[in-house]
Amino acid sequence: MHRINNKYRDIGCGEIDVTYAGKEVTMSGWVFRSRDHGGLIFCDLRDRTGVAQLVFSHGDTGKVSELPVPSFFVAQHKLKAEYVITIKGDVRIRPEGTENPDIATGGVEVYVKELKILSESDALPFQLDEHIEISEANRLKYRYLDLRRPEMLKNMVTRHKTCKAVRDYLDDMDFLEIETPVLTKSTPEGARDYLVPSRMAPGCFYALPQSPQLFKQLLMVGGMERYYQIVRCFRDEDLRADRQPEFTQIDMEMSYAGVDDVIILVEGLIKNIFKYIKGEELPTPIERLPYDEAMERFGNDKPDMRFGLELKDMADLASLSSFKVFLDALSSGGRVKGLLGKNMAGLSRREIDLLTADAQALGAKGLAWIKVKDTFESPILKFFPEDVVRQMADRLDAAPGDMMLFVADKEHVVNDVLSRMRLDIAKKQNIIPSNDKFVWITDFPLFEWNEEDARFQAIHHPFTSPTDEDIAHIMGGSNIDLSKLKSKAYDLVLNGSEIGGGSIRIHNSELQKQVLKLIGMAEAEAEERFGFLLEALKYGAPPHGGLAIGLDRLVMLMTGAQSIRDVIAFPKTQKAACPLSGAPSHVDKKQLRELYIRLNVPDEKPAD
RNA sequence: GGGGUGGUAGUUCAGCUGGUUAGAACGCCGGCCUGUCACGCCGGAGGUCGCGGGUUCGAGCCCCGUCCACCCCGCCA
């Protein structure tokens with residue numbers, strides 16, 4: 001740690017080693033653990049840099065009671081866990097045989113000559129002991145204590161270093177860090193907005209940004225050319241282990257760029273981060289997988305590429321069978337795909353029933369299976385000629401001891417079910433290696449059909465540029481199949497998690513209007529929601545595109561944390577509450593009055 | 001909104017088929033200890049069994065409701 005030599009310290013606890021032997025040092029920190037032997041006391045002193053062993057001793061021989069008692073020695077008997085103290089003492093090499101190889105400073109110890117207690121501590125609500133797991137509710141309530149744990153410190157350091165690597169790299173690439181408003185207007189992403197009432201404009205609300213999407217495009221129109229921001233985003237949706245109501249994005253946008261430019265830029269960024277954090281040389285270019293191929297081979301658009309078990313089309317072989325479920329699915333335009341159940345031939349009937357129930361919970365009508373042993377075993381074997389079963393096994397790479405799984409249904413059901421089962425099987429069979437595997441998913445469809453609203457909607461967002469061919473189609477105006485249009489959107493996937501996504505944007509106001517029309521947005525609505533962008537596009541907007549990376553998720557994956565909460569200093573619970581501060585909370589009636597707000601909460605106590 | 005798991009000492013947990021005084025470890029408090037490092041030894045305190053209701057002679061345990069935390073689906077790039 002950078003030296004700020006003062007009365008508190010001239011060195012960090014974790015920084016002393018044999019080269020300091022004989023030197024006098026001043027250190028400050030928390031009392032971690034003490035081992036009181038009566039006349040000899042060891043005390044582990046902890047600060048951000050690490051832990052050092054302090055020794056309080058009268059001398060090498062003699063009884064305590066017979067020796068003059070220095071005042072500090074009285075004080076040190078009172079030292080309890082998490083007291084904050086400053087000590088002055090001499091660094092000495094530890095007596096032979098008492099070195100501790102488990103800690104960085106284990107070769108030395110500090111003989112204390114002066115002790116000052118800066119701050120006492122009550123007994124903690126939980127122990128800061130890596131051997132005891134504490135409930136998350138408790139950890140979050142006393143997050144400032146939880147943060148003292150080395151594990152949390154490590155996560156915060158990794159997060160910081162990631163941000164630093166981002167800033168260093170993007171600065172080198174001539175990107176400008178520019179802030180965008182937090183009090184803003186609802187952006188047209190799909191999620192629910194967090195709203196902030198306006199006092200100045202009664203009845204009106206700001207929205208907290210779901211992302212700075214529109215503003216970063218305006219920065220391009222504004223000639224900033226290359227923008228980035230490590231920015232907080234807000235989405236009022238239900239939470240998960242990898243989702244928080246407020247989360248951080250590494251947001252980027254650049255002018256005069258195409259898909260390749262953004263991808264190469266981001267690969268350089270990721271490379272830089274991994275080198276800085278993990279010392280790993282990430283191989284580039286990162287593999288690119290068109291969306292259609294990802295769906296075909298893995299059943300989803302964020303495949304975990306660290307292992308095989310790819311989905312295989314079985315339509316040709318299924319049609320050679322007399323199995324009605326397969327034949328019906330095919331004749332009604334559906335799909336039959338297979339998945340390898342590695343090492344699952346030994347599953348009991350009951351376990352297979354559970355597996356089937358899982359598949360049904362995911363929307364499948366059922367799950368067909370064939371065990372591969374010395375022979376094939378399955379209740380549906382009678383519908384298949386033996387050579388067909390053999391070919392299915394070949395296609396799935398099934399060896400004796402494996403099981404083949406099949407789902408026949410509408411395409412999205414087949415993919416949905418099998419892609420999840422693929423992950424479940426890989427986890428259960430423990431075949432996922434621990435390396436990091438990135439992949440780009442490219443050539444996304446522009447639109448997808450929304451069953452609920454019975455209309456097409458933008459997959460990415462409505463400012464995503466179609467491919468050049470499809471721009472011609474759209475501007476040509478003839479009747480076009482919206483489901484076939486492709487976009488210049490791309491996602492970055494790491495180990496099966498989507499960690500970033502972006503696109504080349506539409507920079508032509510006519511095209512933009514046309515695209516909005518295709519998804520059924522009335523001109524008036526478009527005008528009301530983001531007319532300012534449409535207008536900006538009229539005044540010479542350069543071609544531009546960008547990408548945003550989920551910082552929390554990226555850091556979570558790099559640290560191996562089990563939850564996004566472990567890489568956020570003060571995260572919220574699954575109910576979006578903060579156990580530490582008590583947010584959200586009721587507010588004064590006066591505050592509400594000033595905002596022209598009257599509550600209408602059923603069965604709820606009125607505000608304090 | 002739906003499904004699942006959990007809630008017992010400060011903490012992490014055990015608590016059998018419903019049975020008398022609810023346990024352990026760590027922590028905490030007091031004492032002892034000169035080479036420990038998750039120190040050790042002796043002694044002690046500490047409980048609204050999440051909350052509310054019900055069944056029962058009797059409930060930590062069974063039933064209903066509710067709250068909280070976590071995981072998942074829906075939702076969300």
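Protein chains get the first letters and strands the later ones, always in sequence-line order, with residue 1 at the start of each. Just so it is clear, the structure is predicted and the values come from calculations on it, not from any experiment. These values consider heavy atoms only, across backbone and side chains, with no hydrogens, waters or symmetry-generated copies.
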Hey, what are the protein-to-nucleotides 4-7 of chain B N/O distances that come in under 3.5 Å?
none

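- Evaluation of atom-type donor-acceptor distances gives a pair under 3.5 Å for the side chain of Glu109(A) against the base of G35(B).
- Partners of Glu246(A) under the salt bridge (charged side-chain N to carboxylate O under 4.0 Å, His left out) rule, at least two apart in sequence or in another chain, are Arg232(A), Lys572(A).
- To the nearest angstrom, C1' of C72(B) lies 11 Å from CG of Asp424(A).
- Among the nucleotides G35(B), C29(B), A69(B), the one closest to any side-chain atom of Gln53(A) is G35(B).
- Annotation: the span from Arg148(A) atom CZ to Arg143(A) atom CZ amounts to 14.0 Å, rounded to 0.5 Å.
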Below 3.5 Å between N/O atoms, which protein atoms pair up with nucleotides 10-12 of chain B? Just atom names and distances, please.
| residue | atom | partner | partner atom | Å |
| --- | --- | --- | --- | --- |
| G10(B) | O2' | Pro125(A) | O | 2.5 |
| U11(B) | OP1 | Asn138(A) | ND2 | 3.4 |
| U12(B) | OP1 | Ser135(A) | N | 2.6 |
| U12(B) | OP1 | Ser135(A) | OG | 3.2 |

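- Computed from coordinates, the Asp236(A) CG to C76(B) P distance equals 12 Å when rounded to whole Å.
- Looking at Arg243(A), its side chain comes within 3.5 Å of the base of C75(B) through a donor and an acceptor atom.
- Among residues two or more places apart in sequence or in another chain, the side chain to side chain contact (heavy atoms under 4.5 Å, CB included) test is passed with Pro209(A) by Val182(A), Thr184(A), Phe234(A).
- Evaluation of atom-type donor-acceptor distances gives no pair under 3.5 Å for the side chain of Asp102(A) against the base of C37(B).
- In this structure, Phe463(A) has its ring center under 6.0 Å from that of Phe530(A).
- Note on Lys575(A): a side-chain N or O is less than 4.0 Å away from OP1 or OP2 of C68(B).
- Between the C1' atom of A77(B) and the CZ atom of Phe463(A) lies a distance of 15 Å, rounded to the nearest Å.
- Comparing C39(B), C68(B), A38(B) against the side chain of Asp129(A) picks out A38(B) as the nearest.
- Taking only side-chain atoms of Ala191(A), from C-beta outward, the nucleotide of C33(B), A38(B), A77(B) with the closest atom is A77(B).
- With sequence neighbours excluded, the residues satisfying side chain to side chain contact (heavy atoms under 4.5 Å, CB included) with Ala137(A) are Ser135(A).
- Note on residues 34-54 of chain A: pairs passing ring pair (Phe, Tyr, Trp, His ring centres under 6.0 Å), not counting sequence neighbours, are His37(A)-Phe42(A).
- Checking the phosphate oxygens (OP1, OP2) of U36(B), no side-chain nitrogen or oxygen of Thr98(A) falls inside 4.0 Å.
- Looking at Arg240(A), its side chain comes within 3.5 Å of the base of G74(B) through a donor and an acceptor atom.
- The phosphate of G35(B) (OP1 or OP2) has no side-chain N or O of Arg94(A) nearer than 4.0 angstrom.
- Put simply, Arg35(A) has no side-chain N or O that comes within less than 4.0 Å of OP1 or OP2 on U36(B).
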